[in-house]
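Reading through the structure tokens given below for one structure.
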Amino acid sequence: MITPTYSSKLPHVGTTIFTVMSQLAAEHQAINLSQGFPDYEPDSRLLEYAQQAMADGFNQYAYMPGIPALREQISYWFGDKYGRTPEVGSEITITTGATEALYCAIAATIQPGDEVVVFTPAYDSYLPAIQLNGGVPICIPLTFPDYRIDWQQVRDRISSRTRLIMVNFPHNPTGAILTDEDLAELKALALETGIRIISDEVYEQLVFDGIPHRSLAGIPELQDQVMAIGSFGKSLHATGWKVGYAIAPADWTTELRKVHQFVTFSTSHPFQVAIAKFLELHRSEVDGLGDFFQAKRDHFLREMEGSRFEPLTCQGTYFQLMSYRQISELPEADFSQWLTKEHGVACIPVSVFYDQPEEHQVVRFCFAKQHETLSAAAQRLKQI
């Protein structure tokens with residue numbers, strides 16, 4: 001008898017850095033500014049709507065593409081903000097978080113050997129999703145320290161096998177955004193090549209300094225080539241609910257749903273009901289998130305004045321990058337562990353978001369925290 005052998009499909013993947021750093025923070029009673037989640041509760045009305053939905057019997061499987069009421073609210077909101085009203089039945093799908101939407105979108109689009117352009121540092125689910133589906137990531141590093149796209153390098157790396165470009169702006173982990181010049185370059189490239197774009201826009205509500213976010217799915221010329229992915233976890237301070245969505249042309253949505261139905265099938269029914277009601281009655285609360293989080297960013301930066309950390313520009317998301325070059329020559333992962341153990345503040349090394357080792361002596365802090373938490377963390381960091 002032949003004994004079968006098994007090998008890992010992701011041999012280089014271990015426990016995520018977010019889990020590692022959060023566990024380390026707990027072990028050392030450190031203030032956790034590493035993993036991206038708030039340390040405060042969602043709006044009490046949203047919680048009441050979820051409880052009421054459970055009491056009203058919305059406890060069984062939801063409709064596979066998402067309940068119509070929630071998709072209608074997304075369509076209204078998207079139309080008001082970006083000038084395009086996605087078709088509720090054929091262009092909007094509710095998913096179990098944005099990460100599921102990203103995975104299903106990649107799985108539905110690429111074949112083995114297809115190439116996918118990814119800008120690094122990149123959200124950590126992109127490369128594994130591409131590799132699990134037989135794709136080849138083409139990683140293009142953003143320029144340091146402004147984290148901009150080198151469009152000539154993009155054009156040089158495009159080939160006959162390129163099927164997707166992954167775009168994430170506002171950008172995690174850097175907080176960078178796309179400029180008018182970037183949008184023009186991307187539009188020209190997409191129209192010239194016909195390549196599809198997955199636009200990860202989970203931080204679309206969190207853009208600062210009076211700069212508007214412009215969804216790629218709202219650009220008329222690109223509507224047939226773009227899938228925009230969003231997340232209510234970020235916009236409603238409820239990351240544990242894992243409710244995301246994808247907006248795409250009907251033919252691409254059909255393929256997305258084919259994968260979605262065999263990955264999770266449907267997303268939490270009572271949470272969908274609650275979110276739909278909250279958007280219907282309190283949408284202005286979501287539309288004002290940019291100001292809400294800019295105040296947190298600015299508070300954290302004020303509290304950090306006088307420290308040896310140097311802030312990098314942050315125009316979106318709820319993450320602030322800081323250079324520690326005046327403090328230590330340790331590699332970023334080692335510095336992050338040292339900071340957690342010795343000074344009681346947990347962060348994330350930006351180097352883990354690259355496909356190849358890249359060290360700039362920069363770490364990421366999450367400022368989606370209460371002002372008291374941010375002040376306490378800053379006081380510890382200023383002692384270094």
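Here, residue 1 is the first one in the sequence, and each next residue gets the next number.
Under the side-chain contact (heavy atoms from CB on, under 4.5 Å) test applied with Arg297, the options Asp209, Leu374, Leu206 reduce to a single match, Asp209. The one candidate from Phe292, Phe293, Phe37, Phe365 that meets the ring-ring contact (aromatic ring centres under 6.0 Å, His included) condition with Tyr318 is Phe293.
Aromatic ring orientation, Phe335 versus Tyr324: parallel (interplanar angle below 30°, classes split at 30° and 60°). The aromatic rings of His360 and Phe144 lie parallel to each other, their planes meeting at an angle below 30°, with 60° marking the opposite boundary.
If you take CD on Glu358 and CG on Leu142, they are separated by 10.0 Å, rounding to the nearest 0.5 Å.
Using a 4.5 Å cut-off between side-chain heavy atoms of Ile, Leu, Val, Met, Phe, Trp and Tyr, with links allowed through other members, Met227 and Ile130 fall into the same hydrophobic cluster. Linking Ile, Leu, Val, Met, Phe, Trp and Tyr whenever their side-chain heavy atoms come within less than 4.5 Å leaves Leu330 and Ile17 in two separate clusters. Residues Val363 and Phe353 fall into different hydrophobic clusters, defined by Ile, Leu, Val, Met, Phe, Trp and Tyr side chains chained together at heavy-atom separations under 4.5 Å. Both Ile275 and Ile67 belong to a common hydrophobic cluster when Ile, Leu, Val, Met, Phe, Trp and Tyr are linked at side-chain heavy-atom distances under 4.5 angstrom. Hydrophobic clustering (side-chain heavy atoms under 4.5 Å, transitive across Ile, Leu, Val, Met, Phe, Trp, Tyr) keeps Ile229 apart from Ile74.
Look at Glu332 and Arg364 and you find no salt bridge, because none of the NZ, NE, NH1 or NH2 atoms lies under 4.0 Å from a carboxylate O.
With sequence neighbours left out, Phe208 forms a ring-ring contact (aromatic ring centres under 6.0 Å, His included) with no residue at all. Every residue meeting the side chain to side chain donor-acceptor pair (under 3.5 Å) condition with Thr99, not counting sequence neighbours, appears here in chain and number order: Tyr123.
At distances below 3.5 Å, at least one donor-acceptor pair connects side-chain atoms of Arg380 with backbone N or O atoms of Gly344. Between the side chain of Asp200 and the backbone N or O of Val167, no donor-acceptor pair lies under 3.5 Å. Listed for the Ser75 side chain is a donor-acceptor partner under 3.5 Å among the backbone atoms of Pro86. Looking at Gln326, its side chain never comes within 3.5 Å of a backbone N or O of Ser307 through a donor-acceptor pair.
Residue-environment remark: OH (Tyr61) stays at or below the threshold of 12 foreign heavy atoms within 6.0 Å.
Phe119 is listed as a side-chain neighbour of Ile149, based on a closest heavy-atom distance under 4.5 Å. The closest side-chain heavy-atom distance from Gln315 to Pro170 is not below 4.5 Å. You'll find the side chain of Gln337 stays beyond 4.5 Å of the side chain of Thr340, heavy atoms only.
Minimum heavy-atom separation, Cys366 to Gly36: SG-CA, 3.9 Å. When every heavy atom of Phe265 is checked against every heavy atom of Met64, the shortest pair comes out as O-CG, 3.1 Å. Contact detail for Leu102 and Ser125: the closest heavy-atom pair is CD1-OG, 4.0 Å. In this structure, Arg325 and Glu310 approach most closely via the heavy-atom pair NE-OE2, 2.7 Å.
Side-chain polar atoms of Ser323 and Gln361 form no donor-acceptor pair below 3.5 angstrom.
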For residues 105-118, which side-chain N or O atoms pair as donor and acceptor with protein atoms under 3.5 Å away, sequence neighbours left out?
residue, atom, partner, partner atom, Å
Thr109, OG1, Ala105, O, 2.5
Thr109, OG1, Trp252, NE1, 2.8
Asp114, OD1, Arg161, NH2, 2.7
Asp114, OD2, Gln111, N, 2.7
Glu115, OE1, Ser159, OG, 2.6

